[in-house]
Each structure stands twice: as structure tokens, then as C-alpha cells.
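Below: the structure, in C-alpha cells.
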Amino acid sequence: MDRRLLPATTLRLFNRRFNSTVSTATVLQTLKPEPAALTIVNLDDHRKLFASVSTSKLLRSSINLGLASNETFVDFGMWVMNSRLMETSLVRDVILKTVKHTMFEHFCAGETTEEAGECVRKIHDAGLRGMLVYAVEHTGDNTGCDRNLEGFLRCVEFSKSLPPSSVSFLIAKITAICPIGLLRRVSDLLRWQYKDPSFNLPWKLHTLPIFSTSSPLYHTLQKPPPLTPEEELDLELAHRRLQKLCQKCVQESVPLLIDAEYTSLQPAIDYFTYSSAIKHNQDGNPIVYGTVQAYLKDAKERLFMASKAAEKLGVPMGFKLVRGAYMSSETESASSLGYDSPIHNSIDETHACYNDCAGFLLERIANGNDAVVFATHNIDSGKLAACRARNLGIQKGNRRLEFAQLYGMSEALSFGLRNAGFQVSKYLPYGPVDMVMPYLLRRAEENRGLLSTSNIDRVLMWKELKRRIKSLEFGK
């Protein structure tokens with residue numbers, strides 16, 4: 001469905017209603033939550049927030065968050081991990097063992113499916129749910145893709161052995177089950193077809209809108225050659241892998257959430273996600289969720305178009321709303337090609353875009369449409385979405401609304417939302433330390449600012465630790 005097919009009045013109303021150029025404070029003022037709603041998420045009572053967390057866990061978390069927010073430590077760690085030191089087996093073993101007992105244990109759920117399951121049980125006892133993330137990505141050949149698919153399928157199967165409702169989602173990256181070079185080729189072809197609708201793609205399946213008029217198209221400046229017979233076969237194999245995974249998720253009633261990627265690859269990822277959603281999201285039950293990155297300038301319009309197109313088809317759609325994790329690389333890529341960054345010019349514009357998209361999706365949920373995972377570490381956005389949900393009459397335990405934070409981060413917000421009665425999940429990556437390393441390096445590089453804002457967690461954790469020391473509460 002093309003943007004040009006939407007009624008002009010509808011688009012004007014959307015653009016006026018969800019204007020992202022205003023600041024976060026203005027958005028908060030515009031939504032006007034009831035005064036009582038401002039206390040829905042309480043982050044002041046550290047005793048109540050961390051009641052389910054052991055003293056040893058609090059201490060380790062405080063230390064690890066302190067290290068992760070220290071830029072000198074992060075820079076040194078990244079230099080070591082990317083240096084030739086990793087080529088020496090003995091040194092590599094020492095480094096990986098150090099990482100395992102520090103950053104890995106803090107941000108990851110374990111090395112095996114069983115360890116991840118134990119982590120799910122622990123956070124479930126604390127009133128949270130787990131998003132299982134078999135942390136494989138960026139595969140270059142079909143053999144690797146087949147191996148990764150088997151890992152995802154085992155993850156879905158294993159989830160059924162865990163307590164009911166303790167697993168909220170299985171997370172997957174399309175880059176793990178489709179060769180990354182092919183994703184780049186498919187993205188180029190989809191972009192060119194958007195520029196030239198007469199450009200024929202014989203392999204293209206029915207999908208939802210992927211682009212808007214403000215979408216970045218500079219990655220494809222010349223007409224790309226069609227897929228070769230070998231590439232078409234590889235594309236069919238990738239589709240079969242995703243369909244097999246979707247069918248398993250349908251069978252076990254475990255929603256599948258597809259992560260986002262760089263804008264150079266995202267069109268193909270949206271194509272895979274939306275074509276699968278059309279096939280598997282039925283009877284009001286969204287099984288396949290896509291991801292919208294609010295730091296992109298075209299995020300709101302693409303979200304609106306996809307949501308409305310799905311509604312017209314009678315397809316229940318699920319979305320994960322994030323800010324985004326590739327700011328540096330996206331800006332550098334656009335600049336190298338002589339184009340403006342696809343990312344909002346300021347953090348306030350990104351916050352406003354996130355809150356606008358959140359407001360739109362909450363209204364959709366209140367009207368019985370769509371489902372959403374608000375993946376955010378921003379306290380203002382979390383509180384605002386919670387207030388808005390209550391004002392719209394979205395009841396506690398509504399299966400279409402979930403909040404989520406990374407494991408080991410924003411603990412106060414997670415527990416505050418939990419205490420307010422919302423469903424809250426933690427993103428739980430697992431796998432061998434060396435396999436999960438790209439994830440850890442990305443957390444360090446792309447989320448420096450995010451890690452530095454973890455100060456509120458550290459402050460509240462230390463307050464609770466001091467309280468327990470004074471009360472001699474060591475046996476928790």
C-alpha cells in the first residue's frame with residue numbers, strides 16, 4: 001500500500017496530531033494526564049522497588065553499571081576486544097573469562113538454553129517476564145542460517161518447559177537466517193521499485209508499506225540488477241526458514257519479535273516481517289511483531305501507514321517501539337554519501353517522535369487494534385505511556401501492551417512499571433560468550449549515553465544497600 005493511496009486528509013491529520021518537532025515537555029503537556037496518574041509509576045520507594053532483589057545482586061549490579069558508564073573503561077575494553085590480543089588463545093581465554101564474570105553476567109542470561117531458562121525463572125519470581133534472545137546475527141551463508149534456525153526452534157520448544165506466561169517473546173534477527181549480502185540486495189531492489197513503481201520484482205510477496213516519502217533512499221543511487229537464479233533460490237530458502245520459525249511460534253503460542261537493523265538492510269527486514277505477519281497474524285492474535293526505530297525521521301509515517309494497511313487487510317499487527325541503536329554508523333554512512341542523516345537532529349525530537357508513536361499505538365490498543373511493546377529506558381517516556389494507558393482505560397494485564405528493558409538496565413523503571421500493574425519484560429540474550437560479544441560491544445558503543453543515564457539505578461541501589469546495611473538485612 002503506497003502512501004499516495006491514503007486519503008490526504010488522513011495524512012494531514014496524522015502529521016498535525018503527531019508533530020515530532022516539539023519537545024518532550026510539550027508532548028507531556030499536550031497529553032495532559034490526570035494529576036493522580038502522575039503517581040502511577042513510583043520510583044521513589046527504593047525499598048519497594050528492589051524488594052525482590054538480593055543484596056549480593058544489588059551490589060554486583062551497582063558495580064557493573066558503574067564500570068559500564070565509565071567511558072575510559074569502555075574505550076579500553078573495546079580496544080582490547082578489537083585488538084590482536086584476541087588472536088592469542090591464552091590471552092583470549094583470560095579476556096573472555098573476565099568478560100563472562102563481569103559484563104556478560106550482568107547483561108546476558110547465560111551461555112546455554114538451560115541457563116537462560118533459569119534466568120527466566122528468577123525474573124518471573126520477581127514479577128517480570130523474559131524475552132528469549134538466541135544471540136546470533138549477521139550470517140553470510142546458508143549453512144550458518146540453517147544452524148541458526150535450529151537454535152531458534154530449540155529456543156521456542158524450550159520455552160514451553162518454563163512457567164506459563166514467563167516467556168513473553170522470542171526475539172530473532174533476520175540477519176541470522178538470511179545471508180546479509182542477500183538482505184542488502186533485496187533492500188536495494190525494494191528501494192528502486194519505490195522510486196520506480198514500474199520496476200518489476202517477480203519474487204515479491206504481498207506486504208505492508210515499507211517506505212514513506214521521507215524514507216532514506218540514498219543507499220540505492222543506481223538501478224540494481226535483478227536477482228540471479230541463485231539469489232532467488234537463496235531468498236526462497238530464507239523465506240522457508242522464517243515460515244518454519246513462525247509456524248513453530250504459532251504452534252506454541254509464543255509471539256515472534258523481529259529486531260530492526262541498519263537502514264541499509266531494514267527494507268528487506270520489514271519485507272520479511274510484514275509478509276510473514278500477513279500470513280500468520282490471524283484471529284485478532286498478532287504472532288509476528290515488527291520493530292519501529294523512533295530516532296528515524298520517517299518512523300511515524302511508516303508506522304501509521306503499516307498499521308492502517310494491516311487494519312484494512314484485517315491483519316492484527318504488533319510493533320516493538322524503540323529509539324534506535326545505530327546512531328553513529330547511520331550518521332557516518334549518510335555523511336559519506338553526501339546526504340543528511342536519517343536520524344532526528346536532536347535528542348528532543350527523538351523523544352517527541354517516540355512519545356507520538358506511543359500515543360498513536362495506545363489509542364489503537366484502546367480501540368481494539370494492534371499490539372505494542374514499549375522498549376524504553378527513558379523514565380519520562382515510560383511514565384507518560386503508563387499514564388496514557390490508564391487514561392484510555394487500558395486495563396492491567398492487557399495482553400496487547402508490554403513494556404520492556406534490557407536485562408541489567410533500567411531496573412528501577414522495570415520494577416516501577418511492574419508495581420503499577422503493567423506487564424514488563426527483560427530482553428535476555430544468551431549464548432557462548434564469544435558469540436554474544438557483538439551484542440556486548442554494541443551495547444557499549446551505541447548506548448554510551450544510555451549507560452551514563454543509569455545513574456538513577458545506581459543511586460537507588462546504593463540507597464537500598466545502605467538501608468539494608470543499617471537494618472542488617474544480609475540474608476535476602
Side-chain angles (χ1 to χ4, degrees), residues 1-18 20 174 186-187 189-201 203-217 239 242-243 246 250 255-261 263 265-294 296-322 353 356-373 400:
M1 181 175 174
D2 193 286
R3 178 184 190 272
R4 289 165 289 189
L5 300 180
L6 290 169
T9 52
T10 303
L11 284 173
R12 283 199 299 272
L13 283 170
F14 174 77
N15 289 328
R16 183 166 66 248
R17 184 173 189 176
F18 299 104
S20 70
I174 298 296
V186 170
S187 293
L189 290 161
L190 291 169
R191 274 189 290 264
W192 196 262
Q193 188 187 58
Y194 181 75
K195 292 180 178 182
D196 178 9
S198 67
F199 186 55
N200 184 39
L201 300 178
W203 42 264
K204 186 178 178 183
L205 301 173
H206 188 31
T207 187
L208 302 177
I210 294 172
F211 303 101
S212 76
T213 54
S214 59
S215 293
L217 303 175
H239 271 297
L242 180 56
Q243 297 318 303
C246 289
V250 170
L256 174 65
L257 203 160
I258 306 297
D259 262 344
E261 271 287 352
T263 54
L265 304 176
Q266 193 58 41
I269 291 169
D270 285 342
Y271 166 68
F272 272 97
T273 302
Y274 292 154
S275 59
S276 297
I278 289 172
K279 184 174 182 178
H280 297 284
N281 291 6
Q282 300 175 359
D283 302 323
N285 184 31
I287 284 288
V288 181
Y289 283 59
T291 298
V292 175
Q293 300 180 98
L296 296 175
K297 295 173 182 176
D298 67 343
K300 285 188 301 183
E301 194 170 27
R302 286 192 299 109
L303 170 62
F304 176 80
M305 293 165 62
S307 177
K308 288 299 183 181
E311 181 181 14
K312 187 175 181 179
L313 293 171
V315 175
M317 195 60 209
F319 298 96
K320 180 176 76 164
L321 184 61
V322 302
C353 181
D356 291 349
C357 292
F360 169 71
L361 287 168
L362 284 170
E363 289 196 6
R364 298 280 296 166
I365 292 172
N367 292 325
N369 300 300
D370 295 339
V372 65
V373 176
R400 292 179 177 270

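Heavy-atom basis, side chains included; hydrogens, waters and symmetry copies ignored.
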Point-to-point distance, once rounded to the nearest 0.5 Å, from [atom1] of [X] to [atom2] of [Y]:
X    : Y    : atom1 : atom2 : value
Q193 : N200 : CD    : CG    : 7.5 Å
F319 : T291 : CZ    : OG1   : 10.0 Å
D298 : L217 : CG    : CG    : 9.0 Å
S215 : M305 : OG    : CE    : 7.5 Å

So, do [X] and [Y] sit near enough that their side-chain heavy atoms are less than 4.5 Å apart?
X    : Y    : answer
H206 : K279 : no
I210 : Y194 : no
L256 : H280 : no
D259 : K320 : yes
R364 : M317 : no
F360 : L303 : yes
F211 : L190 : yes
V250 : N285 : no

Determine whether a donor-acceptor pair (N or O, by modelled atom type, separation under 3.5 Å) exists between the side chain of [X] and the backbone of [Y].
X    : Y    : value
S275 : T207 : no
N367 : E363 : yes
E261 : Q266 : no

Which heavy atom of [X] sits nearest a heavy atom of [Y], and at what distance?
X    : Y    : result
V372 : L361 : CG2-CD1, 3.5 Å
D370 : S307 : OD2-OG, 2.5 Å
T273 : G290 : CG2-CA, 3.6 Å
S187 : L265 : OG-O, 3.2 Å
P286 : G318 : CB-N, 3.9 Å
Y274 : P209 : CE1-O, 3.5 Å

Check step by step if side-chain contact (heavy atoms from CB on, under 4.5 Å) holds for W203 and L189.
CA-CA 11 Å; W203 42 264; L189 290 161; 3.8 Å; yes

Among residues at least two apart in sequence or on other chains, which ones pass salt bridge (Lys or Arg N to Asp or Glu O under 4.0 Å) with R400?
none

Apply salt bridge (Lys or Arg N to Asp or Glu O under 4.0 Å) to R191 and list each qualifying residue two or more places apart in sequence or on a separate chain.
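Result, salt bridge (Lys or Arg N to Asp or Glu O under 4.0 Å) vs R191: D188.
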
With N369, which residues qualify under side-chain hydrogen bond (donor to acceptor under 3.5 Å, both in side chains), at least two apart?
none

Does the side-chain contact (heavy atoms from CB on, under 4.5 Å) test come out yes or no for C246 and V288, once each step is laid out?
CA-CA 7 Å; C246 289; V288 181; 3.8 Å; yes

Between D270 and R302, is the side-chain contact (heavy atoms from CB on, under 4.5 Å) condition met? List the steps.
CA-CA 11 Å; D270 285 342; R302 286 192 299 109; 3.5 Å; yes

